[in-house]
Amino acid sequence: MLQCIFLISDSGEVMLEKQLTGHRVDRSICAWFWDQSISQGDSFKLLPVIASPTHYLFQIVRDGITLLACSQVEMPPLMAIEFLCRVADVLSDYLGGLNEDLVKDNFIIVYELLDEMIDNGFPLTTEPSILREMIAPPNLVSKMLSVVTGNASNVSDTLPSGAGSCVPWRPTDPKYSSNEVYVDLVEEMDAIVNRDGELVKCEIYGEVQMNSQLSGFPDLTLSFANPAILEDIRFHPCVRFRPWESHQVLSFVPPDGEFKLMSYRVKKLKNTPVYVKPQITSDSGTCRISMLVGIRNDPGKTIECITLSFQLPHCVSSADLSSNHGTVTILSNKTCTWTIGRIPKDKTPCLSGTLTLETGLERLHVFPTFKLGFKIMGIALSGLRIEKLDLQTIPPRLYKGFRAQTRAGEFDVRL
Amino acid sequence: MAPPAASQRYPSPSQPSGKSEVSDLKTQLRQLAGSRAPGVDDSKRDLYKKVISYMTIGIDVSSVFGEMVMCSATSDIVLKKMCYLYVGNYAKGNPDLSLLTINFLQRDCKDEDPMIRGLALRSLCSLRVPNLVEYLVGPLGSGLKDNNSYVRTIAVTGVLKLYHISPSTCIDADFPATLKSLMLHDSDAQVVANCLSALQEIWSLEASHSEEACREKESLLSKPVIYYFLNRIKEFNEWAQCLILELAVKYVPSDSNDIFDIMNLLEDRLQHANGAVVLATVKVFLQLTLSMTDVHQQVYERIKSSLLTLVSSGSPEQSYAILSHLHLLVVRAPFIFAADYKHFYCQYNEPSYVKKLKLEMLTAVANESNTYEIVTELCEYAANVDIAIARESIRAVGKIALQQYDVNAIVDRLLQFLEMEKDYVTAETLVLVKDLLRKYPQWSHDCISVVGGISSKNIQEPKAKAALIWMLGEYAQDMSDAPYVLENLIENWEEEHSAEVRLHLLTAAMKCFFKRAPETQKALGIALAAGIADFHQDVHDRALFYYRVLQYDVHVAERVVSPPKQAVSVFADTQSSEIKDRIFDEFNSLSVIYQKPSYMFTDKEHRGPFEFSDELGNISITPEASSDIVPAQQYEANDKDLLLGVDEKDDNKGLSNNNGSAYTAPSLESSSSISSQMQELAISGPATSATTPQSSFGFDDLFGLGLSTAPAPTPSPPLLKLNPRAALDPGAFQQKWRQLPISLTQECSVNPQGIAALTVPQSLIRHMQSHSIHCIASGGQSPNFKFFFFAQKESEPSNYLAECIINTSSAKAQIKVKADEQSTSQAFTTVFETALSKFGLP
């Protein structure tokens, strides 16, 4: 049972406070919290669950905004954190992002949303499609303002019936002139390459994202050509469990609009599309670094947005790095980023240069970890293939679209 | 630390001080109040927005209360919402003015638009002014009967709010009964869920003084109600599902069918996208199967993948909450997670709190097959940029070394750390090498040669310094320059700020003196003089003590200060298993995150469901209060140091806590009767017979008689009484099995009836259970079955573990027994064999 929610800006200012129960939580708690997070150096490093002298605090940080919830009684910590994550998702969905200005400009909407999302400290509805029916997002409001009437209420006149229907995630009867449904496979590759160049771990975390604009009460079936490779599956509440158990078919009545149908993991992959070969030799206070990046297994589509970033160790006093392709930037906090983009056909991108160590240090003892980034459109590297998407009753003017993309998630190359 | 009420942050200098602006607003609002001009709503909205934004910043705008209420006569819903918000915020401070709002709120409660009805009702109940409760009953009553579910949902929560303001009004209006019937009959899931939440709270608060409420509270946990909810759990939204799952945890199932029914109903919840639902389901599963050992283990297997998925798919905050729970399970049953160790590898970008938990889990799951890879991985972190994590990972390597029998490769790795020449790496490693040497003295040669090469000047951290000094003292004979290094350190006595280091210096100087007197004499003299003059009382006392013992007799002193030591077999655990069990019982709560049971961190006032007083919310934050949690941890840490660190007399302490196997038990040679022997053994407690041949001899002899006739067809009542309700979790079993030596191996034959009955492992498990020997794991198919059993002494928590392999074709059973108390393992084996021999007999 949460007692209060605060939104705190990245400078520690309380932007919004929403008291949830009869027991007011004094704002001074935020000052205490802020002191704590400053003493930790960075609010991001602060534990998500901490105990203040008077309350248990749950916090999450999104784009510099801290969402802080207070409670004085035992409660499932994950419930509080999940809820805050949902609040953050809904807010950034509504406001088109999450930052200080957006929250301050739209604080009335934020209040309204919180009012519907939680009552008396217990979460009510966090389903975006239902909230959207109760409270119109701000951009829609302005549209309505200019087009329809002078009455710019951002509250719809109709009540959400979602809560009343037996499918809580779907509004009762949406109507579309053209029926469209899109399925996106969005995958992230998480990998660790250790010091010996060995691929210690290589996994794909994937999501099936859908955008459904279908009238009435559609019943969909989505099947994969190779469902056996999937592990650690999680479903949107709309997915029926039994059909999946018996023949690995996703059968569901979709929510309206965009949503995440399922997430999965494919483990023990043997190959990465890109290789990174870093080398560091150090001697008498300087350190030579050279790094090659190239395509290892051509996925058949263009690999884009290749970047390599790393933190220079503290003991490096200056760095002189250059590359034969792309750009190298070194920020004041010693974060070094090499933006490669696409790999050219005629040469292998190479970064080289020297690092000067602090005086007194002979050799480098602390080694950076390189983080690789890339993006490949049009392919799911896990190899997962969608077989077909069926609708029980086919509405008029139906359009089905499928896409896939893979990008690097947590891709660490250690040295 | 207490921030002044108007802290420097808000209102910041750039923000309006408020006073003049507020009075401006006041006049403007007053002008608009009566106006019916077109467009007036727009100007009102702007003003309201200003008021609310001041309120949000923290400026007190309560003085415009009257004007706000006057302007509230509007049909614009946004205006209404802003007004409700404002009123809700300030009503409590202005009870008299609040009366003004009642009127328009009550009118709105009868509005045509269900949304307005709902919002008005919510605001009405949120006023929380005690003397206005009489106005709530009517609107609430009709709200509960409203034909729109949105209004009913709000009305139900409103009842709970009313209850908190005035319990008697709520009870007198008979609202709980109305809620109950709504809960069981309403078609809307959210209404039902809110009823459940409200009733749980109301009845548990009422239960203290009303028997009826007590009964009602119980009835929520009755089978029909539980199944009513569980059967339709999919209709509820995710948060309500959490609520229902929490209720289900408290339900006591009638039999095992009941348990399996519930688990079948809930199985798909494990794949829910909301982590809170998954975790609540996991708790239900774990609690339900607590008494069914083998199913419990299957549950672990089942929930494992769900939890591991959650860890890697959410935000770092979510991962942390799940990892904390996973951590608890991993520590309880490491072997189940042993194959998944790669899940606990740290990625560079993860926050350190996540990394720290992962390191602990890597330590826990390390076993013979994966140690090499885990240690390789951990060593990579040691060169990590994040110093705190580098330290943690070195500690983790050390902990793994202390867990494993095969430490060969690990010791090499640790010694490589010393060559990295990073001061924090060296410091951590020294502490570990010291602990390792205490457990594996056979490595002293390799370690000492490396440690000897470290210059004591490079070590600043007290713990590391203390560790080095301990090694200098303990291995003075192997390190050629030990006396001189010590002498150097003693000469800088004045600059040594840590009392721990000074204590170690004294002891090390003594030990060194016994081994190399001529070289150390001078240094010891200086140390004793400095110690006696030391202002720290422990240092002073110890120096004085050493001095007097030396004066009395050097040989006695040597026996006291530097007796031959035996290796420590198990270091004391920092957390007792009782506490771990408590935390496990409180799965899916804050206890897991803080890693301590709730009674250790919640005050009494906070523990009761909702008994906090208003004052609590408002007390200023004082430095005393803020020392709430941290000191407890510090205390624990100190405690641990005492157990693990200081010097040999602590070995004693660690051992006596801990069934160690080193110190001798009192000899029992002349006891004549069994009973007196048993008694004495009981007194000597955890001491073991490993070093007391007399006592085990006495026992062997006594039971040897029985053995010659065993398995006796009509055995006298077992000499060893076993606890019929013994409990041991698989994790503890696994750990003990690894740590304890085999005390007995026996082969015996199984009678033909037994073989005939042993078609499935379960038949033998039930049979042995009737003899108070419990099965923790079993497997195999005809003709080979394998069982792991455990039993506990009736009177004390002393465990027996047994592995039993039965081959039905040869009708032979192989038994391996391990025991906390080695001396009674023979007795247990006899009991075990007797029980086994009766298997299959009618």
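So you know, we letter chains A, B, ... as the sequences are listed, proteins then strands, and number each from 1. This structure is a prediction, so every number in the text was calculated from the model and none was measured.
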Legend entry - Pair A/R62, B/S315: side-chain N/O donor-acceptor within cut-off below 3.5 Å: yes
[X] and [Y]: which non-hydrogen atoms are nearest, and at how many Å?
X: A/F107; Y: B/S53; value: CZ-CB, 3.3 Å
X: B/Y348; Y: A/Q311; value: OH-CB, 3.1 Å
X: B/H325; Y: A/P77; value: CE1-CG, 4.1 Å
X: A/V61; Y: B/E317; value: N-OE2, 3.0 Å
X: B/E238; Y: A/T126; value: OE2-OG1, 3.3 Å
X: A/L78; Y: B/A321; value: CD1-CB, 3.5 Å

Counting only non-hydrogen atoms closer than 4.5 Å, does [X] touch chain B with its backbone (N, CA, C, O), its side chain (CB onward), both, or neither?
X: A/A88; value: neither
X: A/L20; value: backbone
X: A/F58; value: side chain
X: A/M15; value: backbone
X: A/K260; value: neither

To the nearest 0.5 Å, how far apart are [atom1] in [X] and [atom2] in [Y]?
X: B/Y345; Y: A/D190; atom1: OH; atom2: CG; value: 15.0 Å
X: A/M79; Y: B/L245; atom1: CE; atom2: CG; value: 10.5 Å
X: B/Y381; Y: A/T369; atom1: OH; atom2: OG1; value: 9.5 Å
X: B/N274; Y: A/H236; atom1: CG; atom2: NE2; value: 10.5 Å
X: B/S305; Y: A/R265; atom1: OG; atom2: CZ; value: 12.0 Å
X: B/T376; Y: A/D196; atom1: OG1; atom2: CG; value: 8.5 Å

Legend entry - Derivation and outcome, side chain to side chain contact (heavy atoms under 4.5 Å, CB included), residues B/Q318 and A/E82: CA-CA 7 Å; B/Q318 285 159 308; A/E82 274 285 354; 3.0 Å; yes
Do you know which of [options] has the most heavy-atom pairs with chain B at a distance under 4.5 angstrom?
options: A/K18, A/E17, A/M75, A/E188; value: A/M75
options: A/K201, A/E203, A/E245; value: A/K201
options: A/T125, A/D115, A/L16, A/L84; value: A/D115

Inset, instruction - Might you work through the ring pair (Phe, Tyr, Trp, His ring centres under 6.0 Å) test for A/F122 and B/W239, ending with a clear yes or no? - result: CA-CA 8 Å; A/F122 196 81; B/W239 311 107; 8.0 Å; no
Taking only Lys NZ, Arg NE, NH1 and NH2, and the carboxylate oxygens of Asp or Glu, determine whether [X] and [Y] approach each other closer than 4.0 Å.
X: B/K49; Y: A/D105; value: no
X: B/D268; Y: A/R242; value: no
X: A/R195; Y: B/E377; value: no

Legend entry - Side chain A/R234, main chain B/Q271, donor-acceptor under 3.5 Å: no
Inset, instruction - Go through the steps for A/D119 and B/K161 under the test side chain to side chain contact (heavy atoms under 4.5 Å, CB included), then give the verdict. - result: CA-CA 10 Å; A/D119 193 10; B/K161 289 175 186 164; 3.0 Å; yes
Legend entry - From CA spacing to verdict: side chain to side chain contact (heavy atoms under 4.5 Å, CB included), A/E116, B/L119: CA-CA 10 Å; A/E116 298 299 341; B/L119 288 171; 3.8 Å; yes
Legend entry - Portion of B/L279 that has a non-hydrogen atom of chain A nearer than 4.5 angstrom: side chain
Inset, instruction - Tell me, for B/E373 versus chain A, whether the close heavy atoms (under 4.5 Å) come from the side chain, the backbone, both or neither. - result: neither
Inset, instruction - Look at B/R122, B/M82, B/H272, B/K342 and state which one has the largest set of heavy-atom pairs under 4.5 Å with chain A. - result: B/R122
Legend entry - Working for side chain to side chain contact (heavy atoms under 4.5 Å, CB included), residues B/N237 and A/E127: CA-CA 9 Å; B/N237 76 22; A/E127 201 56 55; over 6 Å; no
